[in-house]
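Take a look at the structure below.
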Amino acid sequence: MQQQHQQFLEKQKQQQLQLGKILTKTGELPRQPTTHPEETEEELTEQQEALLGEGALTMPREGSTESESTQEDLEEEEEEEEEEEVEEDDDDCIQVKDEEGESGPDEGPDLEESSAAYKKLFTDAQQLQPLQVYQAPLSLATVPHQALGRTQSSPAAPGGMKSPLDQPTKHLFTTGVVYDTFMLKHQCMCGNTHVHPEHAGRIQSIWSRLQETGLLSKCERIRGRKATLEEIQTVHSEYHTLLYGTSPLNRQKLDSKKLLGPISQKMYAMLPCGGIGVDSDTVWNEMHSSSAVRMAVGCLVELAFKVAAGELKNGFAIIRPPGHHAEESTAMGFCFFNSVAITAKLLQQKLNVGKVLIVDWDIHHGNGTQQAFYSDPSVLYISLHRYDNGNFFPGSGAPEEVGGGPGVGYNVNVAWTGGVDPPIGDVEYLTAFRTVVMPIAHEFSPDVVLVSAGFDAVEGHLSPLGGYSVTARCFGHLTRQLMTLAGGRVVLALEGGHDLTAICDASEACVSALLSVELQPLDEAVLQQKPNINAVTTLEKVIEIQSKHWSCVQRFATGLGCSLREAQAGETEEAETVSAMALLSVGAEQAQAAAAREHSPR
């Protein structure tokens, strides 16, 4: 143990020296996320064991009985690891609010202290009354992050997987926010965030923004957890789940038949930056990524369960890596596990939620989410994305893709075509919501709304990661519209978006909307502007196709070129006409009744 501990300390020292050199060169790179000492040591020990046993344990030979283990055994091992990680997290992350309501992390035990010191701290922590446990802040900038509240696990988690520090919590009926520092560890081994736009600074920045603006203090902070392998397999294949959801050491203990998969499939590739990944965008970190990607799923599941159960009003999940490109057996486009799709499945299976609406406003089509529910009439998937006749990543999401079998009509693609001249902006998105998204959503009448909230359509994102000019403010107004559905049970999950200012502004606008804070009104110029010709053409095609399945959209076909002000005036006039007709009808009925009474025999 002393030898391993010494090796761990040496490794940490080398990493810090190397990081110092990198930071000196760039001057701009965010710090590597601090890690829980015991957990990191455990991971390093696993890695060392894996290297030592490489000759014998690289992959169990087919037919070997000693090496084989069932998935249930593996799940138990994973759960034990998770409980250990929670305990370690609690040891290092206990914070108590001071009189002013701000909190700061207690100084954790020095790395050279024995494990007895950790146990003593853990024992002392259990005696704190009343107890509030928080995540240690990990800051991209110098501004410390507000700490995370700890709450119970969702019913979806077998056995609850509760920490001894957890106490039954009665949530305020407000907006829930979930975030966990485990997700910061998923990053390329090269450490260069300029090469990889999907980096830890994305969620760190959003967390800091919500704290700085005071929005976080108005929210209920929810504790995340790692999703179980069983939960992930509601959407993904067993092979895919085990490949990306298990640690290197446990992966070596698996039955070779389960993990080998197609012989031709290549697991990882060496990247030009020096790291590894499934492609140049979708990087992989053997030490940390499996925990991080499972944490992203589990955080969203926790939050959505509390909203669906009525414990919280609505919610915003600050999670990474994103998920909507992940297909049943394929990782791509920064995505490994489809958090939103898994959450929708679990809401239906565990909480008996009837109908789920998924709105995906990431600029890239959610091919994985579409695949998961293509034949399912109980989940309506509506995506607004840049399509350009299939020439924009991932190339799927044509308006003709409406679903299959019993799910025909329950897949709606608002597939913007025509490039970025003129660009798609607020007017076009608001028009799409007015004429397609909201009419179909109201007719569907969902029980819960999940939003794949990618913010790469916000101005500031250049092609190929964007190219549109939707304002952050607009997404707040779109969120407010979705809150009129499902009794307000709306949960947003961060997907794409890589310009830090843009995603922070958009997240702030959406959380403000969820909290029912007064939103900054849209500019009058936006309300007076007509949608561009490319957008009108796109919406005409969508309505032509979807009107066969949703009669409610047909009446909007003729007014697509109107400005929002003109549309409002027309709808007001129509409402007044309907009201007048109703009054006339009531008057006529009353007159007929009076005439009938006059001529009736007495």
Examine the side chains of Glu401 and Ser396 and answer whether a donor and an acceptor come within less than 3.5 Å of each other.
-> no
Among side-chain atoms of Ser452 and Glu495, is any donor-acceptor pair under 3.5 angstrom?
-> yes
Do Glu428 and Asn534 have side chains that get closer than 4.5 Å, going by heavy atoms?
-> no
Give a yes or no on whether the ring-centroid distance for Phe336 and Tyr244 is below 6.0 angstrom.
-> yes
Between Glu508 and Cys504, is any pair of side-chain heavy atoms under 4.5 Å apart?
-> no
Counterpart residues, side chain to side chain donor-acceptor pair (under 3.5 Å), relative to Glu198 (two or more places apart) | Arg202, Arg320
Side chain of Ser289, backbone of Glu286: donor and acceptor closer than 3.5 Å?
-> no
Determine the minimum heavy-atom distance between Ser507 and Phe316, stating which atoms define it.
-> OG-CZ, 3.6 Å
For the side-chain contact (heavy atoms from CB on, under 4.5 Å) test, which of Leu492, Leu215, Ile206 pairs with Val511?
-> Leu215
Closest heavy-atom pair, Asn413 versus Val542, reported as atoms and distance to 0.1 Å, is O-CG2, 3.5 Å
What are the two closest heavy atoms between Gly201 and Leu500, and how far apart are they?
-> O-CD2, 4.0 Å
Please work out which of the three classes, parallel, tilted or perpendicular, describes the rings of Trp284 and His186, given edges at 30° and 60°.
-> perpendicular
Here the pair of heavy atoms bringing His196 nearest to Leu271 is CE1-CD1, 4.2 Å
Do you know the tightest heavy-atom contact between Val436 and Leu539?
-> CG2-CD2, 4.1 Å
Under the salt bridge (charged side-chain N to carboxylate O under 4.0 Å, His left out) rule, what do Lys541 and Glu400 come out as? Steps first, then yes or no, please.
-> CA-CA 9 Å; Lys541 188 168 188 178; Glu400 294 84 5; 3.0 Å; yes
Asp180 and Arg225: salt bridge (charged side-chain N to carboxylate O under 4.0 Å, His left out), yes or no, with the steps?
-> CA-CA 8 Å; Asp180 198 287; Arg225 64 170 176 84; over 6 Å; no
Please work out whether the ring planes of His364 and Phe392 are parallel, tilted or perpendicular, with thresholds of 30° and 60°.
-> parallel
Identify the heavy atoms of Met183 and Ile203 that sit nearest to each other, and give their distance.
-> CB-CD1, 3.9 Å
Plane angle bin for Phe475 and Trp361 - parallel if under 30°, tilted between 30 and 60°, otherwise perpendicular = tilted
Counting only N and O atoms by type, is there a donor-acceptor contact under 3.5 Å from the side chain of Thr234 to the main-chain atoms of Glu231?
-> yes
Measure from the ring center of Phe337 to the ring center of His240 and say whether it is less than 6.0 Å.
-> yes
Applying the side-chain contact (heavy atoms from CB on, under 4.5 Å) test to Thr343, which of Val235, Leu300, Val356 qualifies?
-> Leu300
By side chain to side chain donor-acceptor pair (under 3.5 Å) - contacts of Gln371 (at least two apart) | none
Does the side chain of Glu327 pick up a donor-acceptor pair with the side chain of Asn367 at under 3.5 Å?
-> yes
What pairs with Ser383 under side chain to side chain donor-acceptor pair (under 3.5 Å), at least two apart in sequence or on another chain?
-> His385
Answer whether the closest heavy-atom distance between the side chains of Ile424 and Thr538 falls below 4.5 Å.
-> no
Any donor-acceptor N or O pair under 3.5 Å, side chains Tyr381, Asp360 | yes
